[in-house]
Each structure stands twice: as structure tokens, then as C-alpha cells.
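Reading through the C-alpha cells given below for one structure.
In what follows, residues are counted from 1 in the order of the sequence shown. Predicted model only: the values in this text are computed from it and were never measured.
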Amino acid sequence: MSNQAPNEARVIPLRPAATPAPAPASAPARVPQRPRPVLAPRRTPPAPAQREPLWRDLVGDVLRRERLAQERTLKDVADAARISMPYLSELERGRKEASSEVLAAAARALGLGLGDLLSLAQDELTRVAQVRHGRNRATSTSRYDGMCLAA
């Protein structure tokens with residue numbers, strides 16, 4: 001077990017320290033000492049930054065919320081969208097980045113257009129950002145109040 005502090009790195013020199021010249025015979029024998037490792041200065045880790053929400057998480061949340069609001073099963077929506085049930089499940093959990101064609105098919109299966117799905121996801125992103133920054137929409141100074149998607 002090391003007696004080292006958990007956040008300190010131990011530096012081990014690549015070359016051994018130079019050995020001193022041998023002492024004269026009349027001097028008492030010295031026990032050679034191991035060189036002491038040089039410790040890196042202790043730094044306080046930065047405070048963890050809050051993670052920005054991923055688009056796939058937001059879209060997945062909207063898909064799941066809409067499906068549950070309609071009281072439909074994964075199988076029902078996946079069959080209507082002509083995608084596999086495990087893939088739809090992964091989309092809802094934000095594990096997969098879906099193409100626009102797949103998103104449009106899932107949205108249509110829920111009675112939405114692709115624009116509706118993306119608009120709902122944008123609303124969710126705005127809500128998360130407001131909660132995160134403690135702002136409300138009325139104090140926004142942005143000239144634009146909409147969504148811009150680039151392909």
C-alpha cells in the first residue's frame with residue numbers, strides 16, 4: 001500500500017542518481033539511500049462542468065413521451081414505422097444517432113411530421129437550457145427565436 005496522497009502522481013526517475021565517490025577507509029560505511037521520488041504539485045481538480053444534452057437524447061425523450069402519451073407499445077410503433085423494435089428502443093434511450101429517414105418514419109408512426117418531432121426536441125432543449133442557466137425565455141436577448149438545422 002502506498003503512503004502517497006491519492007491525487008498526487010509519483011515520478012520515478014529514469015536514471016539512478018549518481019553514486020557518490022567512495023569514502024576513505026577511515027570513514028564509517030554509509031548505507032546507500034534510494035533517491036526520493038519527486039512528487040508533482042497537488043492541484044485541485046476543476047469543478048465538473050454540466051454536460052450539454054445530446055440531440056439524440058432529446059429526440060429519444062420526445063419519441064418515448066409521444067408513444068407513451070398515445071398508450072402505444074414499442075412493437076406497435078416499430079411495426080408502423082417499419083423499423084425493428086430493438087432499434088426503436090435504442091433511439092428512445094438516446095443510444096443511436098438516427099438518420100432523418102428513420103426519424104421521419106418514427107414520427108409518422110406517431111402521427112407527427114419530422115418538423116413536429118424536431119420542434120418538440122428543440123422545445124425540450126430550450127427548457128433544459130433554461131433550467132440549467134436559471135433563465136426564462138422573456139429575458140432572452142437573442143435576435144432569433146427559432147431552430148436552425150444544417151446538414
Side-chain angles (χ1 to χ4, degrees), residues 1-19 31-151:
M1 190 94 202
S2 173
N3 60 358
Q4 192 173 339
N7 289 334
E8 291 183 349
R10 186 169 58 127
V11 178
I12 301 172
L14 295 177
R15 293 187 189 111
T19 52
V31 177
Q33 292 187 349
R34 248 181 40 198
R36 299 184 88 203
V38 178
L39 300 178
R42 176 179 269 185
R43 284 189 269 160
T44 305
Q50 284 190 340
R51 196 178 126 238
E52 288 285 338
L54 298 176
W55 186 248
R56 67 177 183 235
D57 291 329
L58 297 169
V59 171
D61 289 344
V62 170
L63 287 172
R64 175 167 285 170
R65 191 170 47 246
E66 288 296 316
R67 179 178 62 79
L68 293 175
Q70 296 176 17
E71 298 180 354
R72 295 175 67 185
T73 64
L74 267 172
K75 181 170 179 19
D76 177 41
V77 175
D79 288 345
R82 301 190 63 155
I83 58 179
S84 74
M85 190 173 69
Y87 189 71
L88 179 59
S89 173
E90 297 236 329
L91 288 178
E92 286 187 356
R93 290 183 289 138
R95 307 267 185 198
K96 295 288 184 187
E97 291 277 357
S99 67
S100 58
E101 290 88 359
V102 170
L103 289 177
R108 274 193 309 273
L110 292 167
L112 302 170
L114 180 59
D116 298 326
L117 174 66
L118 299 180
S119 179
L120 290 169
Q122 187 229 354
D123 291 345
E124 182 67 15
L125 177 60
T126 303
R127 187 190 64 74
V128 168
Q130 287 172 355
V131 167
R132 194 168 161 216
H133 298 294
R135 294 186 217 143
N136 63 21
R137 194 170 196 123
T139 62
S140 175
T141 59
S142 174
R143 272 182 32 185
Y144 305 101
D145 189 51
M147 176 174 58
C148 177
L149 295 176

Check: According to the salt bridge (charged side-chain N to carboxylate O under 4.0 Å, His left out) rule, which pairs have a member within residues 67-78, sequence neighbours left out?
Finding: R67-E92, R72-D76, K75-D79
Margin query: If the condition is salt bridge (charged side-chain N to carboxylate O under 4.0 Å, His left out), which residues does R93 pass it with, not counting sequence neighbours?
Written below: E90
Next item on the list: Taking side chain to side chain donor-acceptor pair (under 3.5 Å) as the test, write out the residues that go with D57, two or more places apart.
Entry: R51
Side-chain donor-acceptor pairs under 3.5 Å in residues 99-117, sequence neighbours left out?
unit_1: S99; atom_1: OG; unit_2: E101; atom_2: OE1; d: 3.3
unit_1: S99; atom_1: OG; unit_2: V102; atom_2: N; d: 3.2
unit_1: D116; atom_1: OD2; unit_2: G113; atom_2: N; d: 3.0

Checklist line | Rounded distance (nearest 0.5 Å) linking atom CG of L68 with atom CG of L74 | finding: 8.5 Å
Checklist line | side chain to side chain contact (heavy atoms under 4.5 Å, CB included) evaluation trace for E124 with V128 | finding: CA-CA 6 Å; E124 182 67 15; V128 168; 4.0 Å; yes
Notebook entry, point to check: Atom OG1 in T73, atom CE in M85: separation rounded to 0.5 Å?
Noted result: 8.0 Å
Item checked: R82: partners by salt bridge (charged side-chain N to carboxylate O under 4.0 Å, His left out), with sequence neighbours left out -> none
Margin query: Looking at every non-hydrogen atom in both residues, tell me the closest pair between K96 and Y87 and how far apart they are.
Written below: CG-CE1, 3.9 Å
Check: Where do A78 and L88 come nearest, in terms of heavy atoms and distance?
Finding: N-CD2, 3.7 Å
Notebook entry, point to check: Distance-only, no hydrogens or angles: does the R56 side chain make a donor-acceptor pair with backbone N or O of G94 under 3.5 Å?
Noted result: yes
Note to self: Can you tell me how far apart CG (L58) and CG (L63) are? Round to the nearest 0.5 Å.
What the structure shows: 11.0 Å
Margin query: Can you confirm whether more than 12 heavy atoms, excluding those of R95, are under 6.0 Å from its CZ atom?
Written below: no
Notebook entry, point to check: salt bridge (charged side-chain N to carboxylate O under 4.0 Å, His left out) with E66: which residues, sequence neighbours excluded?
Noted result: none
Check: Just how far is it from atom CG of L118 to atom CG of D123, taken to the nearest 0.5 Å?
Finding: 11.0 Å
